[in-house]
Amino acid sequence: MKRYRHYKQDKAIVLSCFGSIIDQDKYLDLKKLVEENFEQYEVFLSFSSRMVIKKLAQDGVIYKNLPQTLADIDMLGYRNIIVVSVNLFPTDEHQVIKNIVKGFKKFSPANIRYTNAILTKTKDTTLFLKDLDQKVTQENVANLYIIHGTPALELGGIESITYSANFLEFISDTNYTCSLEGAFAYYATKDRLIQKMQQDKIKNLQIIPMLLVSGNHYIKDMVEITNELNEYFTTSIVPTQTKAQRFNLIELETTQNIILNNIKEEIIKLG
């Protein structure tokens with residue numbers, strides 16, 4: 001193919017993230033980690049949230065979405081591209097990544113592949129959740145894991161959310177789960193949650209946000225839920241497990257290892 005002679009650059013990795021106005025530095029740290037582990041690859045960062053992109057642009061911080069980033073990489077002439085799904089669950093945001101990659105492959109001669117979302121494989125997910133629960137659990141303190149959730153029950157990947165919630169509740173009698181805006185949302189289940197915790201004689205409770213970064217949902221929703229539950233239990237948000245001021249999942253070693261292993265798997269498939 002005559003056009004292919006312009007593709008002289010070898011390897012690129014694109015981290016496709018939702019984005020955060022408050023904690024975008026966490027994605028920059030992840031980019032640095034990937035660069036350190038895959039030195040032969042040029043690493044790019046893209047955000048999918050247009051609200052985040054526009055807000056950061058107002059402050060002079062420029063990011064692009066995945067289609068824009070892939071277009072730039074294609075113009076630079078990269079032959080092999082891996083798009084990394086930096087999404088906790090393989091739901092709607094992950095599906096958008098898949099659709100974008102499939103679309104680009106129809107007209108770009110580059111070899112483009114995408115990784116799984118973080119909690120896609122059963123074994124990875126099980127070990128991740130078990131490790132997380134062991135890290136955060138404190139003696140005589142119950143855990144309320146709050147998953148962001150997805151807005152439609154028909155979306156692919158919802159099995160991952162369901163399994164995660166079921167597994168966390170299965171491994172401990174003092175683990176409880178709900179979502180922010182998905183199935184079993186807090187606003188709809190809080191009365192039953194409170195009732196069940198009282199029946200279980202819970203006195204102390206910690207909130208574990210199942211969020212990759214500690215953005216607006218952490219600052220607003222998690223704090224509001226903590227304050228509300230404080231009327232019934234001694235409630236707090238789980239202490240951070242990393243150097244960050246607020247608890248997040250993206251800095252956990254188990255999260256990062258899954259992301260790195262997902263990239264390695266796609267590198268093998270590139271041939």
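Owing to the predicted nature of the structure, the values given are computational and were not obtained by experimental measurement. No hydrogens, no waters, no symmetry mates; every other heavy atom, side chains included, goes into these values.
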With clusters defined by side-chain heavy atoms of hydrophobic residues (ILVMFWY) lying less than 4.5 Å apart, directly or transitively, does [Y] cluster with [X]?
{"X": "F170", "Y": "L132", "answer": "yes"}
{"X": "L70", "Y": "Y78", "answer": "yes"}
{"X": "L76", "Y": "L45", "answer": "no"}
{"X": "I267", "Y": "I258", "answer": "yes"}
{"X": "M222", "Y": "L193", "answer": "yes"}

Nearest heavy atoms of [X] and [Y], plus distance in Å:
{"X": "S108", "Y": "D74", "answer": "OG-OD1, 2.7 Å"}
{"X": "L168", "Y": "N175", "answer": "O-ND2, 2.8 Å"}
{"X": "I250", "Y": "T255", "answer": "CA-CG2, 4.1 Å"}
{"X": "L129", "Y": "S164", "answer": "CD1-CA, 3.6 Å"}
{"X": "A12", "Y": "Y41", "answer": "N-CD2, 3.6 Å"}
{"X": "S16", "Y": "V83", "answer": "CB-CG1, 4.1 Å"}

For [X], is the [atom1] atom crowded, meaning more than 12 foreign heavy atoms sit under 6.0 Å from it?
{"X": "E253", "atom1": "CD", "value": "no"}
{"X": "N227", "atom1": "CG", "value": "yes"}
{"X": "L153", "atom1": "CG", "value": "no"}
{"X": "E36", "atom1": "CD", "value": "yes"}
{"X": "Q199", "atom1": "CD", "value": "yes"}

Cut-off 3.5 Å, no hydrogens considered: what does the side-chain donor-acceptor table look like for residues 27-35, sequence neighbours left out?
residue : atom : partner : partner atom : Å
K31     : NZ   : E35     : OE2          : 2.7

Can you measure from [atom1] ([X]) to [atom2] ([Y]) and round to the nearest 0.5 angstrom?
{"X": "I13", "Y": "I81", "atom1": "CD1", "atom2": "CD1", "result": "11.0 Å"}
{"X": "T162", "Y": "I158", "atom1": "OG1", "atom2": "CD1", "result": "5.0 Å"}
{"X": "R79", "Y": "I112", "atom1": "CZ", "atom2": "CD1", "result": "14.0 Å"}
{"X": "I237", "Y": "L144", "atom1": "CD1", "atom2": "CG", "result": "11.0 Å"}
{"X": "N37", "Y": "I259", "atom1": "CG", "atom2": "CD1", "result": "11.0 Å"}
{"X": "L66", "Y": "I73", "atom1": "CG", "atom2": "CD1", "result": "8.5 Å"}

Let me check something: any side-chain donor-acceptor pairs from residues 201-216 under 3.5 Å, sequence neighbours excluded? List them with distances.
residue : atom : partner : partner atom : Å
N204    : ND2  : N140    : O            : 3.3
Q206    : OE1  : Q138    : NE2          : 2.8
Q206    : NE2  : V136    : O            : 2.6
Q206    : NE2  : N143    : OD1          : 2.7
S214    : OG   : F247    : O            : 2.3

Exercise for the section: For the pair Q134 and D131, evaluate side chain to side chain donor-acceptor pair (under 3.5 Å) and give the outcome as yes or no after the intermediate values. Expected result: CA-CA 5 Å; Q134 290 174 343; D131 179 75; over 6 Å; no
Problem - Residue pairs fulfilling ring-ring contact (aromatic ring centres under 6.0 Å, His included) with at least one residue in residues 194-246, sequence neighbours excluded - result: H148-H217
Close side-chain approach of [X] to [Y], heavy-atom, < 4.5 Å:
{"X": "P151", "Y": "D92", "value": "yes"}
{"X": "V14", "Y": "I82", "value": "no"}
{"X": "I263", "Y": "F38", "value": "yes"}
{"X": "V86", "Y": "F18", "value": "no"}
{"X": "Y63", "Y": "V61", "value": "yes"}
{"X": "L56", "Y": "V52", "value": "yes"}
{"X": "N248", "Y": "T242", "value": "yes"}
{"X": "N65", "Y": "F47", "value": "no"}

Practice task
Using modelled atom types only, decide if a donor and an acceptor are shared between the side chain of T226 and the backbone of T235 within a distance under 3.5 Å.
Solution key: no
Handout entry: Exam field: side chain E93 to backbone T91, donor-acceptor pair closer than 3.5 Å
Key =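 No; judged by distance alone, with no hydrogens or angles, the pair does not exist.
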What I want to find out is whether [X] reaches [Y] closely enough, with some N-O distance under 4.0 Å, to be called a salt bridge.
{"X": "D59", "Y": "K55", "answer": "no"}
{"X": "D23", "Y": "K26", "answer": "yes"}
{"X": "K190", "Y": "E228", "answer": "yes"}

Handout entry: Worked check of side-chain contact (heavy atoms from CB on, under 4.5 Å) between L252 and Q241
Key = CA-CA 7 Å; L252 297 182; Q241 305 294 304; 3.8 Å; yes
Exercise for the section: Take Q195 and D191 through the test side chain to side chain donor-acceptor pair (under 3.5 Å) and record every step on the way to the result. Expected result: CA-CA 6 Å; Q195 181 186 57; D191 291 341; over 6 Å; no
Practice task
Decide side-chain contact (heavy atoms from CB on, under 4.5 Å) for T120 and T125; before the verdict, give the C-alpha distance in whole Å, the side-chain angles of both, and the deciding distance to 0.1 Å.
Solution key: CA-CA 7 Å; T120 297; T125 302; 5.9 Å; no
Exercise for the section: Report the relative orientation of the aromatic rings in F107 and F104; use parallel for angles under 30°, tilted for 30 to 60°, perpendicular for over 60°. Expected result: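 It falls in the tilted class, 30° to 60°.
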Output side-chain donor-acceptor pairs under 3.5 Å for residues 176-186, partner residues at least two apart or in another chain, one line each.
residue : atom : partner : partner atom : Å
Y176    : OH   : D200    : OD2          : 2.6
T177    : OG1  : E169    : OE2          : 2.6
S179    : OG   : G182    : N            : 2.9
S179    : OG   : G182    : O            : 3.2
S179    : OG   : A183    : O            : 3.0

Handout entry: All pairs passing salt bridge (Lys or Arg N to Asp or Glu O under 4.0 Å) where residues 258-271 contributes a residue, at least two apart
Key =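 Qualifying pairs, neighbours excluded: R113-E266, K121-E265, E265-K269, E266-K269.
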Practice task
Would you sort out whether I118 and N87 count as a side-chain contact (heavy atoms from CB on, under 4.5 Å), showing the intermediate values?
Solution key: CA-CA 6 Å; I118 295 165; N87 295 285; over 6 Å; no
Exercise for the section: Check ring pair (Phe, Tyr, Trp, His ring centres under 6.0 Å) between F167 and all other residues, then give those that pass, not counting sequence neighbours. Expected result: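 Ring pair (Phe, Tyr, Trp, His ring centres under 6.0 Å) check on F167 returns Y163.
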